[in-house]
Amino acid sequence: MEIRNDLPQFYFVEVFFSCFQSLLLSSNRSACSAINTRLQPRPFCKSEEKRMNIKVKVLSRNPDDYLRETKHDIHRLPRNYDPTLHPFEANREYTRALNATKLDRIFAKPFLGALDGHSDSVQCMSKHPKSLSTLLSGSCDGQVKVWNLATRKCVRTLNAHRGFVRGITVDRNCEYILTVGNDQTIKQWGMEPAASRELEEPVNTIIGKTVFTSIDHHWKDPVYATCGQQVDLWDTSRADPVRSFTWGTDSIQSVKFNPVETNILASCTQDRHIVLYDTREVTPLRKLTLAMRTNTVAWNPMEAFIFTAANEDYQLYTFDMRRLDEAICVHRDHVSAVIDVDYSPTGKEFVTGSFDKSIRIFPTTESRSRYILCGSDEMNIRIWKASASEKLGKLDKREESTVEYSNKLREKFAHHPQVRRIARHRHVPRSIYHETKIIKEQLTSRKRKETNRRKNNKPESIPVVPIKKKAIVVKWNELLTGEMWLLLVLHGIYIQSWEQDRFNKGLLVEVNPEMHTSY
Amino acid sequence: MAASITMHDQKQSQRKVLKKKSVRYFQESSEKEESTSIQKSEEHGEIKKLNQVAEKNAERDDSTDDRRKRSKDPFEGPAKVSPQKMKKYSRGERMGRNLEGRTAQHRFNLKRSEQRYELAAKQAARAELLLPEDAGQVLRIPISNLKQHSFLEVGEGSDTYDVRQSEITESVDIGSAAKRFELTLNQFGPYRMDYTRNGRFLALAGKMGHLTAFDWVSKQLLFEINVMETITDVQWLHVETMMAVAQKKWLYMYDNTGTELHCIKSMSSVLRMSFLPYHFLLAAATNYGALQYLDVSMGKMVSEIKTKQGRLDVMAQNPQNAVIHLGHTDVNCWQYNLCTCCVLSLFDRYMATSGIDRTIKIYDLRTYKPLQSYRVAHGANELRFSQRGLLAGASNNIVEIFKDSCTIAQDKPYMVHRLKNPISDLDFCPYEDVLGIGHSNGYSSLLVPGSGEPNFDALEVNPFMTKKQRKEAEVKSLLEKIQPELITLDPNKIGEVDRVTFQQREEDRRVLFLLLFHVGTAVSPG
């Protein structure tokens with residue numbers, strides 16, 4: 001046995017001692033006794049029994065446990081979730097969120113294709129209630145075209161009207177197409193194209209007294225509604241309207257059935273009203289007067305009471321049908337009058353089109369939009385993706401989980417300034433950019449003025465009207481006669497006392513105090 | 001009795017019992033007997049007897065119910081997770097009842113996300129059971145109770161400071177024993193050394209210009225060159241294909257074949273280097289007292305901090321928050337954009353320092369106060385924490401390794417090893433029970449049981465990585481590069497709600513409101 005010289009000096013004695021200790025057990029005791037007495041163990045060496053065996057366990061990984069057997073196998077990836085092995089968790093998540101946001105913008109390619117074929121501007125469109133790939137469109141030259149969205153080809157062309165086609169709808173059994181036009185007619189067309197190549201004729205034509213501006217079909221029954229000078233309810237099997245509704249004098253520009261509470265119907269009139277009807281009743285239900293005209297309304301397909309109105313004042317108002325005294329949400333981002341609005345089937349989002357040549361998607365509960373694209377009044381229909389960076393088609397399981405993970409991260413870090421900036425950033429056309437700036441300036445100016453007025457007046461003399469109530473002028477609960485209405489409009493000065501009277505009778509619920517001056 | 005009944009009968013009788021209120025799918029034999037007796041009595045048409053038996057049976061049912069109540073499954077429900085483990089995996093505390101002033105929807109969302117976090121922590125804690133490896137250890141066992149001793153019992157006389165490397169190599173398997181080796185390189189020393197992040201490769205750099213890299217497990221040489229210049233330090237970058245070498249004049253980068261990739265002239269006379277793998281930053285301390293950060297993904301100098309403290313040759317990185325600690329006469333912590341002693345090392349929340357006063361001191365980084373103090377033979381000139389918290393200190397030619405040195409005052413080292421030559425550098429190999437020592441006569445690799453983390457996470461660092469996996473991991477990690485601005489003392493700050501700013505803003509708003517109100521009242525005449 002040799003003495004190792006690679007051990008520290010101050011343990012030397014002990015090591016020397018212990019080495020010989022083991023020797024002692026086997027060989028001559030007297031030969032080593034001299035050494036034993038000469039070399040004393042260090043104080044922390046407990047006893048002679050210390051010469052012990054050792055048991056050692058060293059990390060020794062068998063590569064077979066960590067490598068795949070053949071190259072056709074997948075790699076083995078052992079995991080250990082110990083947080084110390086995963087440092088900078090928050091920072092890395094933040095970076096991932098930032099990257100996901102950037103990639104979302106990079107892959108934002110919303111344009112899918114154009115449906116080319118109309119020879120004049122497209123005036124109206126309609127979805128097919130059952131077939132997802134079918135779209136109907138009517139143009140200003142009186143043509144109606146049926147499109148196959150999958151192949152992006154026109155399947156059928158109908159020379160429907162003289163002048164504009166104002167509205168198209170399909171009955172719920174998908175047997176008929178109903179169109180209205182400037183030529184004061186409602187035309188009923190078979191769903192299947194005519195066998196021969198000859199000019200297609202309508203199955204049925206109803207000639208009205210005035211121009212029909214819009215048409216919509218009931219979601220269950222064989223009933224449809226048209227509007228023009230009044231709202232008419234039609235039975236598909238009859239040539240005369242089943243019922244007609246009027247409230248006010250001016251013409252009505254759009255009518256929409258509620259998809260859930262199928263007997264409810266909303267229309268918007270040229271004189272700034274939104275009127276609600278029940279098909280089972282003789283008179284209209286409720287009326288709402290906004291500060292400016294509403295172009296269209298759209299019902300939420302998931303929440304029966306909710307509808308959104310596209311207004312001329314560049315904003316959209318989401319209302320609860322049961323509480324019309326204030327809007328649930330005011331959606332503002334457009335810089336010109338909003339022309340049309342439609343809900344997504346999920347009821348979580350809606351899309352709007354505006355005179356500022358932009359299309360925006362708003363979440364139903366948020367006032368700000370994501371801008372998707374810019375259109376023009378060219379003679380084609382364009383198809384866009386609702387979420388611009390989404391991949392079309394079926395996703396791989398792993399792909400899906402990655403998308404879910406990155407969406408969650410974006411949601412988690414949505415309020416971090418960098419993430420928010422990148423997510424919101426869009427290159428908009430110059431006109432929209434400038435207009436946005438001007439509108440912002442106008443708003444701040446108005447706000448400043450109001451604050452100044454409030455500061456220089458008696459406290460609470462100028463009421464604070466929330467934005468959700470600002471645009472609402474009057475909420476009507478019951479039908480007023482034409483005379484009353486005239487009285488109200490022409491002699492607006494008496495509205496206060498008159499309103500009080502009506503209020504007492506429970507007819508008129510609320511009049512916006514700010515809007516008195518506008519009468 | 002049971003044997004006389006046919007299979008069909010038995011089934012019928014069982015169905016009958018199952019129909020009853022107390023349904024037991026694992027019926028006991030007594031119950032079975034009882035039911036069979038019912039069957040038999042039915043066969044004979046003895047209605048009276050049947051009624052009696054039915055009554056008896058109902059009693060029996062009650063009694064079995066009671067028995068079940070008494071003999072409840074001792075391991076009912078999912079296995080419990082110990083609170084300590086839960087604490088290890090949890091991401092902060094619950095909000096509790098501090099949810100006032102929030103909407104119902106908000107409260108619901110918060111509650112739900114908290115539940116999800118708790119579930120994640122619980123599942124992570126449970127997954128510990130699946131970890132394939134155990135940490136290494138060394139035990140001294142008295143010969144008397146050698147037979148019944150297992151690794152789990154740490155008995156009397158577990159002092160291990162006098163266990164020799166030869167004893168360890170004798171008692172371990174051949175593969176592990178091969179990890180203990182010496183390289184005699186007596187021409188170009190003393191040597192500096194560095195392991196790659198996954199612990200597979202080793203770079204050795206002799207002061208006289210000898211530079212070599214090899215797979216230290218298989219002893220396969222990658223390259224061996226002489227840079228014909230003094231080398232002060234060597235550092236692997238994020239993968240094993242690139243390394244930074246601090247030479248006499250400038251900083252150079254080499255690939256895994258020894259080809260010079262870059263010469264970074266903006267970083268001159270570098271003494272120590274440290275690489276921040278998640279930030280892709282190479283921190284270098286220079287001879288003239290500057291701390292420089294080089295972004296290796298872009299090749300740009302990100303920051304240079306002139307510490308005005310003179311020669312900087314003591315440097316350590318806190319792996320949990322990427323803060324660089326420099327040693328002068330007191331320790332200074334340097335963040336990327338904003339803290340002397342001789343050597344220092346960091347583990348978890350502890351910092352070990354050693355000075356020429358022949359002591360090793362352990363500091364708590366939360367309070368910046370010393371916790372322990374150890375006297376060593378000479379002043380330790382190199383200190384290093386292992387992944388599992390073993391602290392190795394090299395003083396001249398002796399390495400002392402301490403176990404649990406941070407929390408408990410140790411009177412003896414865990415292991416001691418003495419070399420023939422003075423030590424110039426030492427490092428624990430990640431994910432292995434190996435301590436590498438660079439000295440003036442080459443390199444020696446020691447076995448230190450219990451130093452390395454036994455279970456790696458393959459998605460983080462994988463010692464068994466293939467070339468393709470490495471390439472993919474490199475791209476992924478580059479995509480997730482953390483910006484240098486995010487280096488803070490508390491790395492989780494970014495995932496938290498900034499209450500301070502919010503409160504300040506609320507306060508400002510309140511003041512403004514009060515101001516407006518007062519102005520309003522002052523102006524109004526009434």
Side-chain angles (χ1 to χ4, degrees), chain A residues 4-12 14-15 18 44-47 49-63 65-68 75-96 98-99 412-413 416 451 454-459 461, chain B residues 88-89 124 127 131-133 136-143 146 149 151 157 162-164 166-168 171-173 175-176 278 319-320 377 398 412 416 418-420 432-433 447 449 452-460 464 469 479-482 486 491-492 494-495 519-521 523-524 526:
Chain A
R4 288 169 56 95
N5 58 357
D6 62 349
L7 280 163
Q9 256 165 359
F10 54 89
Y11 295 114
F12 185 75
E14 185 226 330
V15 168
S18 57
F44 56 77
C45 189
K46 275 174 188 158
S47 65
E49 267 178 45
K50 192 111 199 298
R51 184 66 265 159
M52 292 169 289
N53 238 350
I54 60 160
K55 248 191 172 183
V56 180
K57 184 181 181 325
V58 180
L59 268 182
S60 166
R61 295 189 186 91
N62 183 1
D65 297 341
Y66 294 93
L67 296 172
R68 56 180 179 174
H75 287 285
R76 287 181 185 171
L77 296 172
R79 301 299 312 271
N80 186 353
Y81 300 103
D82 188 347
T84 51
L85 293 182
H86 303 272
F88 308 108
E89 193 182 56
N91 288 339
R92 286 158 80 189
E93 272 194 348
Y94 170 73
T95 314
R96 279 177 198 159
L98 200 62
N99 285 342
K412 185 177 174 184
F413 290 94
H416 281 251
T451 327
R454 208 162 278 142
K455 268 193 231 168
N456 293 296
N457 276 290
K458 211 171 169 182
S461 64
Chain B
K88 180 180 169 187
Y89 291 101
L131 296 178
E133 307 280 345
Q137 55 180 319
V138 57
L139 292 181
R140 270 213 175 280
I141 304 143
I143 294 164
L146 182 65
H149 204 103
F151 281 113
D162 56 345
V163 174
R164 281 170 266 154
S166 60
E167 284 174 317
I168 293 173
S171 50
V172 296
D173 58 314
S176 301
Y278 294 102
Q320 293 301 317
I398 300 161
K412 289 161 216 157
V416 177
R418 188 179 168 219
L419 290 98
K420 288 175 187 163
E432 291 284 355
D433 281 344
L447 289 179
E453 169 63 46
N455 297 295
F456 58 87
D457 190 299
L459 294 186
E460 200 77 54
F464 296 96
Q469 278 179 315
L479 274 172
E480 282 170 20
K481 188 183 102 170
I482 304 169
L486 296 179
N492 291 326
I494 198 158
V519 167
T521 46
V523 169
S524 63

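By convention in this document, chain letters (A, B, ...) are assigned in the order of the sequence lines, proteins followed by strands, and residues within each chain are numbered from 1. Every heavy atom of this structure was used, including side-chain atoms; hydrogens, water molecules and symmetry mates were not.
Within the 4.5 angstrom heavy-atom criterion, only side-chain atoms of B/E460, from C-beta onward, approach chain A. With a threshold of 4.5 angstrom between heavy atoms, B/F464 approaches chain A through its backbone and through its side chain. Using a 4.5 Å cut-off between heavy atoms, A/N91 touches chain B through backbone and side chain atoms alike. Looking at B/I482, both its backbone and its side chain come within 4.5 Å of chain A, counting heavy atoms on both sides. Residue A/R96 touches chain B through its side chain alone, counting heavy-atom pairs closer than 4.5 Å. Only the side chain of B/Q469 comes within contact range of chain A, with at least one heavy atom under 4.5 Å from a heavy atom of that chain. When heavy atoms are compared at a cutoff of 4.5 Å, A/L77 approaches chain B by way of both its backbone and its side chain. Residue contact with chain A, scored on non-hydrogen atoms closer than 4.5 Å, involves the side chain of B/D173 exclusively.
Most heavy-atom pairs under 4.5 Å with chain B, from the set A/R76, A/H416, A/H75, A/E89: that is A/H75. With respect to chain A, the highest number of heavy-atom pairs below 4.5 Å among B/I168, B/L447, B/D433 belongs to B/D433.
By the salt bridge (Lys or Arg N to Asp or Glu O under 4.0 Å) test, B/E133 is found to be paired with no residue, residues two or more places apart in sequence or in another chain being considered. Listed by chain and residue number, A/E93 satisfy the salt bridge (Lys or Arg N to Asp or Glu O under 4.0 Å) test with A/K412 (two or more places apart in sequence, or in another chain).
Using a 4.5 Å heavy-atom threshold, the side chains of A/Y94 and B/L486 count as touching. For the pair A/T84 and B/E453, the minimum side-chain heavy-atom distance is 4.5 Å or more. Side-chain contact check for A/T95 versus B/K481: every heavy-atom pair is 4.5 Å or farther apart.
Taking CG from B/L131 and CG from A/N80, the interatomic distance works out to 5.0 Å, rounded to the nearest 0.5 Å.
The closest donor-acceptor contact from the side chain of B/D457 to the backbone of A/H86 lies at 3.5 Å or more, if one exists at all.
Contact detail for B/P491 and A/A90: the closest heavy-atom pair is O-CB, 4.0 Å. Looking at every heavy atom in both residues, B/P454 comes nearest to A/R61 through O-NH2, 2.8 Å. Residue A/L59 comes nearest to B/S176 through the heavy atom pair O-OG, 4.0 Å, listed as atom of the first residue, atom of the second, then distance. The two residues A/Y81 and B/A124 have their closest heavy-atom pair at CB-CB, 4.0 Å.
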